[in-house]
Enquirer: 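Got a structure here, written out as structure tokens. Questions coming.
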Protein chains: 2
Amino acid sequence: MTNDTFKLDKCPMTRTMAILGSKWKPVIIYTLSKRHLRFGQLAAQMPLISRKVLTDQLKELEEDNILLREAYNELPPRVEYSLTAKGLALLPILQQMCEWNKQFEGHVGACEAR
Amino acid sequence: MTNDTFKLDKCPMTRTMAILGSKWKPVIIYTLSKRHLRFGQLAAQMPLISRKVLTDQLKELEEDNILLREAYNELPPRVEYSLTAKGLALLPILQQMCEWNKQFEGHVGACEAR
DNA sequence: AATAGTGGTAACCTGTACGTAACTAACGAC
DNA sequence: GTCGTTAGTTACGTACAGGTTACCACTATT
């Protein structure tokens, strides 16, 4: 679904799904909505995602301009991730997805990032 | 993403994505929002989706209670698909996805079901 | 000189979403 | 007895998302 061809699809829903429609991206975006986070903090908050997959997803989200990656030239290295305006604008959609789910599938869980 | 394990995930966003997050489901739901459609009509409105994949997606959406499948005992057979309340409640989300895309990626296309 | 802490990368594997093409059952029309 | 129409099904192939594990470069600390 994150295929590049879908990003060029005629349908804007499909194009949005091409950006959002992977297993972890909504959770990553939601997690970053609260505050800027370093790579390790992100990984710690989502223990189920592997570091490799997290790196991949962050890279794609950065390419799609959803989040900002700031690498500081320090030692040990520090890399901070935060949402762009484009990424912040996705939050109402994610919020609605939460509400829809709670409304129609019972209150199984909360909007927690794991 | 449409994996059954994701439907039992702790995160309601992930659970919603497990229902919505495939290549064709948003388009199918949007197409059915206008009117009830027979299988052949659906297939005709979305020429790029193969009949087999369309059948698969419809079956999954029916299992998830997003749409209603009504088979009439006629000849030639007639099967009509329509959205349930749960499916209709997804439309605002799809709508927002369209708007987000138009806002941040330019007016490349319209909310057309193909 | 070994260890810890950072933010990754490289090699490899697997399940499944998606696609193609051919086939089916049932009946009426001709 | 064969053709058309509908709503699929069956068999098969493939690309890729997602996962595991091991490894790297850099420095300060001990």
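Below, chains carry the letters A, B, ... as their sequence lines are ordered, and counting in each starts from 1. For the numbers below, each heavy atom of this structure counts, side chains included, while hydrogens, waters and symmetry mates do not.
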Enquirer: Report the residue (B/Asp56 or A/Leu58) whose heavy-atom-nearest nucleotide on DNA chain C is the more 5′ of the two.
Expert: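 Going by which nucleotide is closer to the 5' end, it is A/Leu58.
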Enquirer: Would you mind reading off the distance between A/Asn73 atom CG and D/dT27 atom P, rounded to a whole angstrom?
Expert: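 So the two atoms are 11 Å apart, to the nearest Å.
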Enquirer: Among C/dT9, C/dG7, D/dG8, find the nucleotide with the atom closest to the side chain of B/Phe39.
Expert: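 Of the candidates, D/dG8 comes closest.
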Enquirer: Roughly how many Å is it from NZ in A/Lys7 to P in D/dA17, rounded to a whole number?
Expert: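 Distance check: A/Lys7 NZ to D/dA17 P gives 10 Å.
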Enquirer: Starting from C1' on C/dC18, measure out to CG on A/Asp9 and report it in whole angstrom.
Expert: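 The answer, rounded to whole Å, is 14 Å.
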Enquirer: Which atom names give the shortest non-hydrogen contact between B/Pro26 and A/Met13, and what distance separates them?
Expert: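 Minimum heavy-atom contact is O-CE, 3.7 Å.
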Enquirer: Starting from the C-alpha separation in whole Å, work towards a yes-or-no answer on side chain to side chain contact (heavy atoms under 4.5 Å, CB included) for A/Val53 and A/Gln57.
Expert: CA-CA 6 Å; A/Val53 174; A/Gln57 305 294 298; 4.0 Å; yes
Enquirer: Please give me the minimum heavy-atom distance between B/Met17 and A/Gly21, naming the atom from each residue.
Expert: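 Closest pair (atom of B/Met17, atom of A/Gly21, distance): CE-CA, 3.2 Å.
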Enquirer: Return the nearest nucleotide to the side chain of A/Pro76; candidates are D/dG19, C/dG5, D/dT9.
Expert: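 Closest nucleotide among those given: C/dG5.
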Enquirer: Could you state the CD-C1' distance from A/Glu74 to D/dA25, rounded to the nearest angstrom?
Expert: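 Rounded to the whole Å, the gap is 17 Å.
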Enquirer: Please work out if A/Tyr72 contacts a base, only the sugar-phosphate, or nothing of the nucleic acid, heavy-atom cut-off 4.0 Å.
Expert: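 Here A/Tyr72 touches no strand at all.
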Enquirer: Taking the side chain of A/Pro77 as its heavy atoms from C-beta onward, which of D/dG19, C/dG7, C/dC18 lies nearest to it?
Expert: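 The nucleotide sitting nearest to the side chain is C/dG7.
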Enquirer: What's the closest nucleotide to the A/Lys59 side chain, out of D/dG19, C/dT9, D/dC26?
Expert: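 Nearest to the side-chain atoms of A/Lys59, counting from C-beta on, is C/dT9.
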Enquirer: Can you tell me if B/Arg69 touches the phosphate of D/dG8, counting only side-chain N or O atoms and a distance under 4.0 Å to OP1 or OP2?
Expert: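 Yes, B/Arg69 has a side-chain N/O under 4.0 Å of OP1/OP2 on D/dG8.
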Enquirer: Can you measure A/Met46 atom CE to D/dG19 atom P for me and round it to whole angstrom units?
Expert: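 Taking atom P of D/dG19 as the reference, CE of A/Met46 is at 12 Å.
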Enquirer: A/His36 NE2 to C/dG7 P: how many Å, rounded?
Expert: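 The answer, rounded to whole Å, is 16 Å.
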Enquirer: Is the distance from OP1 or OP2 of D/dA7 to the nearest side-chain N or O of B/Arg38 less than 4.0 Å?
Expert: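 True: B/Arg38 side-chain N/O within range (under 4.0 Å) of D/dA7 OP1/OP2.
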Enquirer: When you measure from the side chain of A/Val53, which nucleotide among C/dT20, C/dG19, D/dG18 comes out closest?
Expert: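 The answer is D/dG18, which lies nearest to the side chain.
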Enquirer: For C/dA10, does either OP1 or OP2 sit under 4.0 Å from a side-chain N or O belonging to A/Arg51?
Expert: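 For C/dA10, OP1/OP2 do not have a side-chain N/O of A/Arg51 under 4.0 Å.
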Enquirer: Check A/Glu70 against A/Ser82 and note the closest heavy-atom contact, atom names and distance.
Expert: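 Where A/Glu70 meets A/Ser82 most closely, the heavy atoms are OE1-OG, 4.3 Å.
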Enquirer: Within less than 4.0 Å of OP1 or OP2 of C/dC18, is there a side-chain N or O belonging to B/Gln57?
Expert: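 The answer is yes; a side-chain N or O of B/Gln57 sits under 4.0 Å from OP1 or OP2.
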Enquirer: What is the distance from CZ of B/Arg78 to P of D/dA7, rounded to the nearest Å?
Expert: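 Atom CZ in B/Arg78 sits about 9 Å away from atom P in D/dA7.
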Enquirer: Does B/Lys52 reach a base, just sugar-phosphate, or nothing at all? Heavy atoms under 4.0 Å.
Expert: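 Contact class for B/Lys52: base.
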Enquirer: What's the closest nucleotide to the B/Leu75 side chain, out of C/dC27, D/dG18, C/dC18?
Expert: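 Of the candidates, C/dC27 comes closest.
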Enquirer: Nearest-Å distance, CD (A/Glu62) to P (C/dG7)?
Expert: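 In whole Å, C/dG7 P and A/Glu62 CD are 15 Å from each other.
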Enquirer: Roughly how far, to the nearest 0.5 Å, is the CD1 atom of B/Ile29 from the NZ atom of B/Lys25?
Expert: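 Rounded to the nearest 0.5 Å, the NZ-CD1 separation comes to 8.0 Å.
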Enquirer: Can you tell me how far apart CD (A/Glu63) and CD1 (A/Ile19) are? Round to the nearest 0.5 Å.
Expert: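 A/Glu63 CD to A/Ile19 CD1: 11.0 Å, rounded to 0.5 Å.
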Enquirer: By the 4.0 Å heavy-atom rule, please label A/Tyr81 as base, sugar-phosphate, or nothing.
Expert: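 Sugar-phosphate: the residue A/Tyr81, judged by heavy atoms under 4.0 Å, touches backbone atoms but no base.
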